[in-house]
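Notes follow the structure.
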Amino acid sequence: MLQVSYIRDNRELVLERLAVKNFKQPELVEEIIALDDKRKQTQNRADNTSAEANAAAKKIGELMRTGQKEEAEAIKANTGKWKEEIKQLTEQLGSIEEELQQKLVLLPNLPHTSVPKGLTPEENEIVLENGEKPQLPGNALPHWELAAKYNLIDFELGVKITGAGFPVYKGKGAKLQRALISYFLDEAEKAGYSEMIVPLLVNEASGFGTGQLPDKEGQMYYVGLDNLYLIPTAEVPVTNLYRDVILKADELPVKNCGYTPCFRREAGSYGAHVRGLNRLHQFDKVEIVQVVHPDNSYQALEDMSAHVQGLLQNLGLPYRVLRLCGGDMGFASALTYDMETWSAAQQRWLEVSSVSNFETFQSNRLKLRFRNAEGKTQLAHTLNGSALALPRIVATLLENNQTEDGIKIPEVLVPYTKFESIR
RNA sequence: GGAGAGAUGGCAGAGUGGUCGAUUGCGGCGGUCUUGAAAACCGUUGACUGUUAAAGGUCCGGGGGUUCGAAUCCCUCUCUCUCCGCCA
């Protein structure tokens, strides 16, 4: 959520930046400023009336104590009009604030100046490409066939238990999952992130804090009986740990990580591109989250990007880094890098990580602040990134590392899997 | 699921109608003392809004009510804790 004061002071800039994100309702900016004017006016009138009423009440108290009952009664006679006025103004104020809030949550975050214009994923900027795409023989298999051949993942069994998009990992397939999770967590810890194990169900306030609610409600599984949401990413609980928190300056940066399963409804996405592990309703992911001083957030974003790239390099996967264009970016993000690995059997790039700087967009909703050098509270910047999401990593590993007589496990994982290949 | 208790500042914990944004203790910050530190002593220490700065306003779990006036009384919702039951 953008701050009204920022919108007021930077009206033109806001409009210009929103245009980069292809925002369709620029008139909201003027409406918000007008509403805020109205809010201030009404607030002011209500405050003044309250001040009068407070003074009168105080006076009555004094008079009563000194036994001047008559005088007290005389003042009492006048309080009715204030009372009525305060009630009316407060009601007005309430509805103005509600309207303001409703409009405010419709504004996406402003994109960073480096964000390219554009509408579609094709217009994302390729920042770099790294690693060599393996040349597979003609009889190479896609990962879903490899998963069946080596009895690693059973998609049908998942359908029986739950439904499509809830795979069952078996034997070495399960072991590989666990190995990847442990490896990612260990690497995150080496990079200074401290591990959290967090709830997989969150309340409405948490969903609002990181930006999933109110607009992306349909993407989360909802447990109506208890009014809770299954997390679509660890970002939600891990970032919300800092909701309503004022940090000391020396507590920054905060670096946390966590492994969780993630649940996404992915309503309406079916077809060839979602086969196998390409798109799931439940998947495993290790997430890294930072809370930083505003001056350092873009450096932190680069650090996180480098961390993710390091993982991909260590796993020996060819990858590329994209700077998302305005139209493809998330609602809450100011700058996002996507990391994609090359899936050699499918002959396509698969997104395996997304690293974003939200600047104050989340912290404003979360009321996540720190005390700055002047001793004032100030919104911190939040960032997060997948490091990494498992399914497409597994897909790429299986496909790219397949040989005549099995699948080779990357060296860095062998200490975790305790086996060097899948046969 | 049944019964009861509770929700106050970073934490602990007073406060049952006006002088309470709130006693006190701990913690934090600043200072005195000290070679330095500890101890002791002194001072200071909530958030939001508003303003050039102030003044003023709002906030004692959320919402509503009574009253000239509510942390305090009433209603309601939510949450937490204790005991019992069930249970990994």
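In what follows, chains are A, B, ... by sequence order, proteins preceding strands, each numbered from 1. Computed over heavy atoms, backbone and side chain alike; hydrogens, waters and symmetry mates excluded.
- In terms of phosphate contacts, Thr377(A) brings no side-chain nitrogen or oxygen within less than 4.0 Å of OP1 or OP2 of A47(B).
- If you measure from atom NZ of Lys40(A) to atom C1' of G57(B), you get 15 Å, rounded to the nearest angstrom.
- Residues Gly375(A) and Asp36(A) both approach RNA chain B. Their nearest nucleotides, taken by heavy-atom distance, put Gly375(A) toward the 5′ side.
- A gap of 25 Å separates the C1' atoms of C87(B) and A5(B), to the nearest Å.
- Note: Phe166(A) and Phe155(A) fail the aromatic proximity criterion, with ring centroids not under 6.0 Å apart.
- Pair assignment for G18(B): C68(B), on the basis of Watson-Crick or G-U wobble contacts that are both within less than 3.5 Å.
- Spacing of C1' atoms, A71(B) relative to G17(B), comes out at 11 Å, to the nearest Å.
- There is no side-chain donor-acceptor pair under 3.5 Å between Ser343(A) and Arg392(A).
- Looking at the side chain of Lys87(A), the nearest of the listed nucleotides G57(B), U67(B), G65(B) is G65(B).
- U58(B): Watson-Crick or G-U partner is A47(B), with both key distances under 3.5 Å.
- Between Arg369(A) and C48(B), a side-chain N or O to OP1/OP2 separation shorter than 4.0 Å is present.
- For a distance-only test at 3.5 Å, the side chain of Asn48(A) fails to qualify as a donor-acceptor partner of the base of G56(B).
- G4(B) and U8(B) have their P atoms separated by 22 Å, with the value rounded to a whole Å.
- Residue Lys58(A) is out of contact with every strand shown, counting any heavy-atom pair closer than 4.0 Å.
- With hydrogens and angles left out, the side-chain atoms of Gln346(A) and Asn278(A) include a donor and acceptor closer than 3.5 Å.
- Among the nucleotides A47(B), G18(B), U51(B), the one closest to any side-chain atom of Arg371(A) is A47(B).
- Ile60(A) comes within 4.0 angstrom of a base, heavy atoms only.
- At the phosphate of G50(B), neither OP1 nor OP2 sits under 4.0 Å from any side-chain N or O atom of Arg45(A).
- The separation of A39(B) from A7(B), taken at their P atoms, amounts to 33 Å, rounded to a whole angstrom.
- For the P atoms, the distance from G15(B) to G9(B) is 16 Å, rounded to whole Å.
- Taking the six-membered ring for Trp and the full ring otherwise, the centers of Tyr298(A) and His381(A) sit at least 6.0 Å from each other.
- Listed candidates were U58(B), C68(B), A47(B). Nearest to the side chain of Ser50(A) is U58(B).
- A12(B) is paired with U24(B) under the criterion used here, namely a Watson-Crick or G-U wobble arrangement in which both key atom distances are under 3.5 Å.
- Along RNA chain B, the nucleotide nearest Ala51(A) and the nucleotide nearest Lys76(A) are compared for position; the residue whose nucleotide lies closer to the 5' end is Ala51(A).
- If you take atom C1' in C77(B) and the same atom in U82(B), they sit 22 Å apart, rounded to whole Å.
- With a cut-off of 3.5 Å on both pairing distances, the Watson-Crick or G-U wobble partner of C79(B) is G6(B).
- The separation of A47(B) from G31(B), taken at their C1' atoms, amounts to 27 Å, rounded to a whole angstrom.
- Checking Gln212(A) against Tyr229(A) by side-chain atom types alone, no donor-acceptor pair falls below 3.5 Å.
- Within the 6.0 Å centre-distance limit, the rings of His293(A) and Phe370(A) are counted as a close aromatic pair.
- For U49(B), neither phosphate oxygen OP1 nor OP2 lies less than 4.0 angstrom from any side-chain nitrogen or oxygen of Asn44(A).
- For the P atoms, the distance from G28(B) to A22(B) is 24 Å, rounded to whole Å.
- Taking the side chain of Thr79(A) as heavy atoms from C-beta on, and the options A47(B), C68(B), U51(B), the nearest nucleotide is C68(B).
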